[in-house]
Amino acid sequence: MALVPRDPATEPVLAARLLDLQRAAYAVEARLIGDDRIPALHEDLPALRDAGLHWLVAAEEDGVVAAVAWRVTDGGLDLDRLVVDPAHARRGLGRALVGAVLTEAAGRRVTVSTGRDNTPARRLYAALGFGEVGEREVLPGLWLVDAVHGTDAVHGTDAARRTHGG
């Protein structure tokens, strides 16, 4: 597996693959949390291309099988989405991608949000050193958990406010 920075804004074929991958991955999360109102699940191709995110993809012989995207904020990095092809789940791809982002962060704060009932994602982030700092209802009945990696996790500061899961 190779982890490679890529830009769907300039690579139409990649953008289409990421959209398919994202829909498949967030459909799994929707089943886990019992709610399909995850914004990234309903994103269209222009929105994905125009999101202004930094992307790192995991590529294998059969193409892109996982990806992580983040944005740089004043306080550090905000993990915007982590998607793994369900056919490639539970193989360490998510862990490797988030680990690469933590390396990129070089000690800066990294924030992430995920569905409150997405136990596998919460376990992954906890295992990688993220500390949960709060829950919030982003839509009626749709709850997210915010987590922070770095010194802020110890001090319990608020994670970046986002309206999508990771």
Side-chain angles (χ1 to χ4, degrees), residues 1-73 76-106 108 110-130 142 144-149 159-160 162-166:
M1 167 191 63
L3 300 182
V4 183
R6 303 277 297 272
D7 184 1
T10 62
E11 299 180 57
V13 172
L14 173 66
R17 172 61 183 141
L18 289 174
L19 186 63
D20 289 344
L21 182 61
Q22 182 171 288
R23 287 182 177 157
Y26 282 111
V28 171
E29 181 172 13
R31 285 191 297 278
L32 286 171
I33 68 172
D35 197 319
D36 70 352
R37 296 177 294 164
I38 302 166
L41 182 59
H42 304 285
E43 188 171 57
D44 63 14
L45 197 54
L48 184 141
R49 284 193 314 253
D50 296 340
L53 299 171
H54 299 271
W55 287 88
L56 184 64
V57 303
E60 294 187 346
E61 297 87 33
D62 49 348
V64 173
V65 296
V68 65
W70 70 92
R71 68 181 76 255
V72 176
T73 67
L77 278 64
D78 181 38
L79 280 179
D80 189 81
R81 59 197 78 185
L82 173 63
V83 294
V84 177
D85 184 326
H88 291 82
R90 308 264 186 240
R91 293 183 32 214
L93 296 168
R95 178 180 299 276
L97 287 163
V98 174
V101 173
L102 293 174
T103 299
E104 172 76 19
R108 292 177 288 171
V110 178
T111 59
V112 68
S113 299
T114 193
R116 181 176 67 185
D117 295 329
N118 187 344
T119 303
R122 290 176 73 178
R123 285 185 184 144
L124 170 66
Y125 296 127
L128 290 169
F130 285 81
L142 180 59
L144 296 183
V145 171
D146 296 321
V148 177
H149 187 278
R162 299 187 304 124
T163 58
H164 46 274

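The structure presented is a predicted model; accordingly, all values stated were derived computationally and were not measured.
How far CD of E60 is from NE2 of H88: 5.0 Å, rounded to the nearest 0.5 Å. Between T111 atom OG1 and D78 atom CG the span is 3.5 Å, to the nearest 0.5 Å. With rounding to the nearest 0.5 Å, the separation of CG in L97 from CG in L102 is 11.0 Å. Between the CG atom of L124 and the OG1 atom of T119 there is a distance of 12.5 Å, given to the nearest 0.5 Å. Atoms CH2 and NE2, from W70 and H54 in turn, are 7.0 Å apart once rounded to the nearest 0.5 Å. Between atom CZ of residue R123 and atom OG1 of residue T114 there is a gap of 13.0 Å, rounded to the nearest 0.5 Å.
Residues A15 and R49 come closest through the heavy atom pair CB-CG, 3.7 Å. Heavy-atom minimum distance, R81 versus A40: NH1-CB, 4.5 Å. Looking at every heavy atom in both residues, V84 comes nearest to A25 through O-CB, 3.6 Å. When all heavy atoms are compared, the tightest approach of D7 to A9 is OD1-N, 2.9 Å. Between A58 and M1, the closest heavy-atom pair is CB-SD, 3.8 Å. A30 and L41 get closest at one heavy-atom pair: CB-CD2, 4.2 Å.
Between the side chain of E29 and the backbone N or O of N118, no donor-acceptor pair lies under 3.5 Å. Put simply, the side chain of R23 never gets that close to the backbone of D20: no donor and acceptor are under 3.5 Å apart. With hydrogens and angles ignored, the 3.5 Å screen pairs a side-chain donor or acceptor of H149 with a backbone N or O of L128.
The residues R116 and D35 are annotated as not salt-bridged, no charged nitrogen and carboxylate oxygen being separated by less than 4.0 angstrom.
Aromatic ring orientation, F130 versus Y125: perpendicular (interplanar angle above 60°, classes split at 30° and 60°).
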- Query: R91 and D85: salt bridge (charged side-chain N to carboxylate O under 4.0 Å, His left out), yes or no, with the steps?
  - Reply: CA-CA 11 Å; R91 293 183 32 214; D85 184 326; over 6 Å; no
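In this structure, the side chains of V112 and V98 stay at 4.5 Å or more apart for every pair of heavy atoms. Residues V57 and L18 are in side-chain contact: their nearest non-hydrogen atoms beyond the backbone lie under 4.5 Å apart.
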